[in-house]
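For reference, positions follow the sequence shown, starting with 1.
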Amino acid sequence: MKKLAFVITTPPNSNLTATAINMVIAALKSDINVVGVFFYQDGVLNGSQHLALPNDEYQAHRQWQQLHSDYDIPLHLCATAAEKRGLSDDINDGQTATIHQAFTLSGLGELVELNVNADRLIQL
């Protein structure tokens, strides 16, 4: 079975993010194993728990959550990029985490591991 990994650097409101989601869905329908998605730079905004896009716009962040739920695809957020954009999984002083539970904070080591475990790495 072929294996793919994805690196997403675009925010949820980008057309490239929608393209990436369509590529993941097409791969899954073609029996290609998606070993994981790594979100980097503005791509980490896809993991925000408090993101509220207008209802008439494409809800990329919800699509990622659905893909994780339906196919158990690991969704990794670059910890440094997330921190620079105010996202955290810390729960302190009554504050709630700002990262949706479908996403995991990870380092670049996880990106290397995804690359090693996949036949191809696609960056959008």
Side-chain angles (χ1 to χ4, degrees):
M1 176 182 275
K2 295 180 182 177
K3 298 176 185 175
L4 286 178
F6 288 85
V7 175
I8 307 301
T9 61
T10 56
N13 60 348
S14 169
N15 288 338
L16 288 176
T17 302
T19 299
I21 290 169
N22 289 335
M23 290 178 73
V24 169
I25 291 170
L28 293 168
K29 287 182 178 178
S30 300
D31 289 329
I32 296 173
N33 185 15
V34 177
V35 297
V37 181
F38 191 87
F39 296 89
Y40 189 61
Q41 297 174 338
D42 283 345
V44 298
L45 297 173
N46 287 281
S48 175
Q49 182 167 314
H50 302 294
L51 186 63
L53 296 174
N55 287 337
D56 61 343
E57 292 188 15
Y58 185 69
Q59 304 292 317
H61 60 298
R62 291 192 183 138
Q63 292 291 322
W64 289 119
Q65 295 163 14
Q66 191 66 46
L67 284 169
H68 171 75
S69 175
D70 292 348
Y71 298 99
D72 200 27
I73 297 173
L75 304 174
H76 300 279
L77 297 179
C78 173
T80 302
E83 182 179 318
K84 288 181 179 178
R85 287 156 180 87
L87 299 175
S88 171
D89 62 353
D90 287 339
I91 301 173
N92 294 321
D93 299 328
Q95 300 280 335
T96 59
T98 55
I99 295 173
H100 189 274
Q101 62 188 7
F103 296 82
T104 304
L105 287 179
S106 301
L108 292 178
E110 190 63 43
L111 175 60
V112 171
E113 188 171 324
L114 287 175
N115 192 25
V116 167
N117 292 331
D119 298 318
R120 300 264 193 255
L121 178 73
I122 299 171
Q123 179 181 350
L124 295 166

Heavy-atom distance under 4.5 Å between the side chains of [X] and [Y], does that happen here?
X	Y	answer
D70	L28	no
I8	W64	yes
L45	L51	no
R85	D42	yes

Just by distance, do the side chain of [X] and the backbone of [Y] share a donor-acceptor pair under 3.5 Å?
X	Y	value
H61	G47	no
Q59	A52	no
S30	I32	no
T9	L124	yes

Of the non-hydrogen atoms in [X] and [Y], which two are nearest, and what is the gap between them?
X	Y	value
T98	G86	OG1-O, 3.6 Å
M1	N33	SD-CB, 3.4 Å
P12	A60	O-CB, 3.4 Å
G36	L114	CA-CD2, 3.8 Å
I99	Q49	O-OE1, 3.1 Å
V44	L87	O-CD1, 3.3 Å

If you round to the nearest 0.5 Å, how far is [atom2] of [Y] from [atom1] of [X]?
X	Y	atom1	atom2	answer
H100	L77	NE2	CG	11.5 Å
H76	L108	NE2	CG	12.5 Å
F38	L121	CZ	CG	10.5 Å
L75	S106	CG	OG	10.0 Å
E110	C78	CD	SG	11.5 Å
F39	T104	CZ	OG1	11.0 Å

>> So, applying side-chain hydrogen bond (donor to acceptor under 3.5 Å, both in side chains) with T10, which one of T17, N46, N15 is it?
In response: T17
> How about D56: does its CG atom have over 12 heavy atoms from other parts shown lying under 6.0 Å from it?
Replying inline: yes
Check the hydrophobic clustering (I, L, V, M, F, W, Y; side-chain heavy atoms under 4.5 Å; chains of links allowed) and say if [X] and [Y] are grouped together.
X	Y	answer
M23	L4	yes
Y58	F6	yes
Y71	V35	no
I21	L16	no
V7	L67	no

